[in-house]
Amino acid sequence: MNKLHIYISCVLLILCFSDIQAQMVGKGSYGKFLLTNAEIHTVTNGVINGSVLIDNGKIVSIGDVSNSGDATVIDCSGKRIYPGFIDSGTTLGLNEIGAVSLTRDANEIGDFTPQMQALTAVNPNSVLIPVTRVNGVTTVLTTPTGGLFPGTATLIDLWGYTPNQMSTGFQALMVNYPNTGKRGRWDRRSEEDIKKDAEKAIKKLNEYWEKAVSYSKIYATAGDDMDYNPELEAIRPAINKKMKVVINCNSKADILSAIKWIKKNDIDAVLAGVREGYMIADSIAASGIPVITGPILDMPSRASEAYDSAYKNAGVMQKAGVLVAIQTRENENVRNLLYNAGFAAAYGMGTEGAVEAITINPAKIFGVDEMYGSIEEGKVANLFICDGDPFETKTTIEQVFIGGWKIPMESRHTLLYDEFLKRNPGLDEK
Amino acid sequence: MKSIYIIWSLLICSISFLNGQEKGDVLIKNGTVITITNGVLENHDVYIKDGIIKNIAKDISAPKNVKIIDAKGKFVMAGIVDAHSHIGITTVNEATAPNTAQVWVGDAINPLDVSLYRALAGGVTVSHAMHGSANAIGGECETIKHRYGEIDPEMMRMKDAPRTIKFALGENPMRVHGEGSDIVPATRMGVEQVMRNSFAEAKKYKKAWSDFNSGKTKKPPMYDNRMETMVDILEGEIIIHCHSYRADEILMLMNVCKDYGVNKLVFQHVNEGFKVAPELAAWGAGASVFSDWWAYKFEVYYSTAYNAAILTKNGVLTSINSDSQELIRHLYHEAAKSQKYGDLTDEEALKLITINPAKQLGIDDRVGSIEKGKEGDIVIFNNHPLSIYAIPEYTIVDGVVRFDINEDPTDMRVDIDPEGSIPTYMHTETEDHDRCMQGVSESHNHQH
């Protein structure tokens with residue numbers, strides 16, 4: 001390949017990706033908004049009829065609010081207001097097109113890459129983001145994915161032109177607890193090999209963790225004299241309980257093993273995935289560790305399991321007393337968070353419980369419930385107006401606010417609809 | 001004499017037992033009956049006898065010994081038809097040549113697939129078990145009835161359903177053959193030529209046989225199974241179901257088919273169908289789409305979840321399919337998304353998963369709606385099927401209750417080995433985005 005070829009390829013690539021990132025939706029507006037006559041589903045204080053005043057990015061007052069004159073009034077008669085929904089596990093902003101590897105930024109090479117920062121690679125102009133937020137999903141945990149320590153996840157609002165504008169400030173260290181099950185249909189390893197691999201992986205996990213503990217101890221006295229070690233440095237906040245650790249584990253045995261590991265190492269942890277949590281809900285509840293579960297629209301975990309076991313999982317754990325949040329583990333279809341929660345609601349969790357699992361529960365789990373997760377005075381103005389139960393597909397999400405911004409209710413999907421519903425020219429030939 | 005009598009009665013018993021399994025009698029009382037083709041009937045009964053819908057009326061008196069289901073407060077709908085699935089078969093792709101029209105997934109039916117039960121639990125009674133999308137012209141598919149519990153593969157076939165064949169355009173055949181084997185097609189131009197060459201060859205083959213049969217030539221042509229199938233397509237005996245995404249390739253296949261006089265054509269996935277909806281409608285091609293899948297590969301990046309609505313409103317015969325053992329469990333919800341994305345009416349939305357896919361499979365005279373004389377395929381929901389709170393409670397195939405939520409043991413495998421261990425936990429995340437490419441290679445997984 002000569003230099004010209006490489007040059008042309010590079011130019012083509014750049015052209016190609018600048019096109020991919022082009023975002024065509026309109027501008028947002030910021031300021032003072034008074035949403036009147038609404039049925040306000042606060043989540044934390046029941047349903048209140050009245051107004052919500054948004055100013056300077058925050059919810060300023062709720063209920064009987066008089067218009068001081070300078071706010072833009074939005075009449076919400078017959079409408080509901082909900083706090084923005086939070087998806088507690090996605091790769092949104094990191095991955096763009098599944099089959100195009102150079103557009104995938106979630107999975108770095110190596111088993112031990114805790115220093116990888118999701119926030120670094122969040123693409124604020126991802127076409128997937130508007131598609132997601134117009135459905136009322138305002139905030140997502142976006143996570144690196146591969147290896148034992150894939151990196152640091154970040155909780156982002158789905159509005160902003162830079163990663164920092166999107167960041168809520170919350171970050172968590174991700175751990176993929178070694179999986180003693182099959183990795184998928186294509187996994188042809190024998191049960192014995194699976195067990196051996198898992199034992200090896202657990203040994204490795206412990207080695208890494210012990211190293212990080214030692215590093216942290218030495219750091220306490222040596223401080224900046226430490227050699228450059230980004231991996232161990234990235235874990236240090238978790239060792240000192242200054243950062244939460246989100247631990248993916250799914251099979252019954254792995255969940256129980258992970259709980260023991262968490263207790264033994266005294267980690268401020270959250271269990272994620274927890275696909276077979278319903279089998280051991282009481283043990284999880286007794287551990288006091290919160291859970292991020294999902295997707296709800298998922299297959300049974302074993303050929304011998306009930307068809308609706310994934311639908312029921314979240315509800316069973318919640319009833320047992322576990323603090324449960326829901327994730328989609330999605331990318332382009334994080335918008336289906338509503339329907340994942342809806343299925344959990346229909347299969348035992350109840351509407352209220354499922355709403356909590358995508359609002360206040362994740363806010364509590366991430367320690368950001370002072371600012372997120374409900375409609376309360378002083379909280380960040382992440383909310384949306386809709387004309388019914390948001391889990392029903394007949395319901396229209398009419399307006400979404402993120403950080404007090406009234407965001408454009410457009411996405412690639414709505415724009416294509418507008419252009420092609422009545423295509424012009426129609427059948428006429430040139 | 002006595003022993004012969006016993007043998008005879010045993011034989012008769014076993015035959016009637018089998019028949020009883022295949023076709024049943026059931027009376028569904030006082031439901032809200034969503035007929036699909038004749039509106040919604042409140043407080044109506046549906047009577048199925050010998051597997052066929054005998055009567056739809058108020059207060060049908062119960063014949064002796066018939067199973068009665070009280071559907072008061074419940075919604076009774078025609079069984080869901082999935083125009084694109086890969087369940088109930090052991091193999092999906094014969095990924096060895098750009099044209100493998102000689103193969104047939106009907107040779108690979110697996111009645112033990114527990115996915116069939118899970119689909120029943122989602123109200124799906126008929127599915128189109130398809131060949132994969134590795135080849136420009138794949139194999140013939142099989143329309144199956146979800147008679148889960150039967151162990152004879154023959155029992156899964158929907159007997160006398162029209163033959164169908166899988167075609168595929170775009171990235172999948174390009175990657176498998178062009179990138180994978182360095183042969184045509186590596187481009188969408190190449191895909192067109194594979195189609196044209198195959199049809200041209202079939203025309204020639206057909207003529208060679210007709211010349212031989214009329215005595216015009218003396219030497220019989222070499223029998224070719226692949227060409228036999230291609231000729232049957234030319235003669236309108238097989239419906240083409242074509243995996244497709246982009247607008248240009250959709251137009252291409254319509255042109256090719258027109259040139260060869262082929263007029264039975266349904267596009268599958270057809271994510272950019274909305275861009276050429278007027279052309280699809282004018283041609284008379286069907287479209288079987290995902291509710292909202294997109295962006296998993298480049299050729300579906302410029303997609304919209306409003307696809308089903310745009311196609312429907314432009315007069316294209318449209319269905320929503322699963323292509324997934326996960327989605328097939330909630331196609332009623334997938335159909336409901338057409339109300340979020342494009343405000344389809346209840347009737348339009350439910351047609352997407354009943355009579356429309358039945359038409360696309362050529363079985364709309366038998367299933368897809370609740371009408372007298374049609375087959376007794378029914379699903380009963382606790383709530384309206386388009387509500388997120390809808391839960392299928394009974395699924396009936398040919399009058400036989402195959403799913404009853406009140407008699408639903410956890411382990412529904414047919415082939416449990418009493419000595420075997422509990423199946424290993426299997427991680428299913430993102431597993432389903434690849435069934436069309438199943439059996440190609442692991443590196444090619446995670447593609448539709």
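Within every chain, numbering begins at 1; the chains are lettered A, B, ... in the order of the sequence lines, protein sequences first and strands thereafter.
- In terms of the side chain to side chain contact (heavy atoms under 4.5 Å, CB included) criterion, residue partners of A/Asn248 (sequence neighbours excluded) are, by chain and number, A/Met174, A/Asn176, A/Ala272.
- Under the 6.0 Å cut-off for aromatic ring centres, B/Tyr341 and A/His413 do not qualify, their centroids lying 6.0 Å or more apart.
- Of all heavy-atom pairs spanning B/Asp292 and A/Arg335, the tightest one is O-NH2, 2.8 Å.
- Nearest heavy atoms, B/Ile388 versus A/Glu392: N-OE1, 2.8 Å.
- B/Tyr389 and A/Asp389 are linked by a side-chain donor-acceptor pair at a separation below 3.5 angstrom, with hydrogens and angles left out of the test.
- A salt bridge (Lys or Arg N to Asp or Glu O under 4.0 Å) check over residues 384-395 of chain B, counting only residues at least two apart or in different chains, returns the pairs B/Lys74-B/Glu393.
- Scanning all heavy atoms of the two residues, the minimum distance from A/Ile397 to B/Lys340 falls at CG1-NZ, 3.7 Å.
- Scanning all heavy atoms of the two residues, the minimum distance from A/Leu416 to B/Ile310 falls at O-CD1, 4.3 Å.
- The pair B/Arg329-A/Asp298 does not meet the salt-bridge criterion, since no charged nitrogen lies less than 4.0 angstrom from a carboxylate oxygen.
- Here B/Phe403 and A/Tyr307 bring their ring centres to under 6.0 angstrom of each other.
- Taking a cutoff of 4.0 Å between a charged side-chain nitrogen and a carboxylate oxygen, A/Arg423 and B/Glu279 qualify as a salt bridge.
- The minimum heavy-atom distance linking B/Gly342 with A/Tyr417 is given by the pair CA-OH, 3.7 Å.
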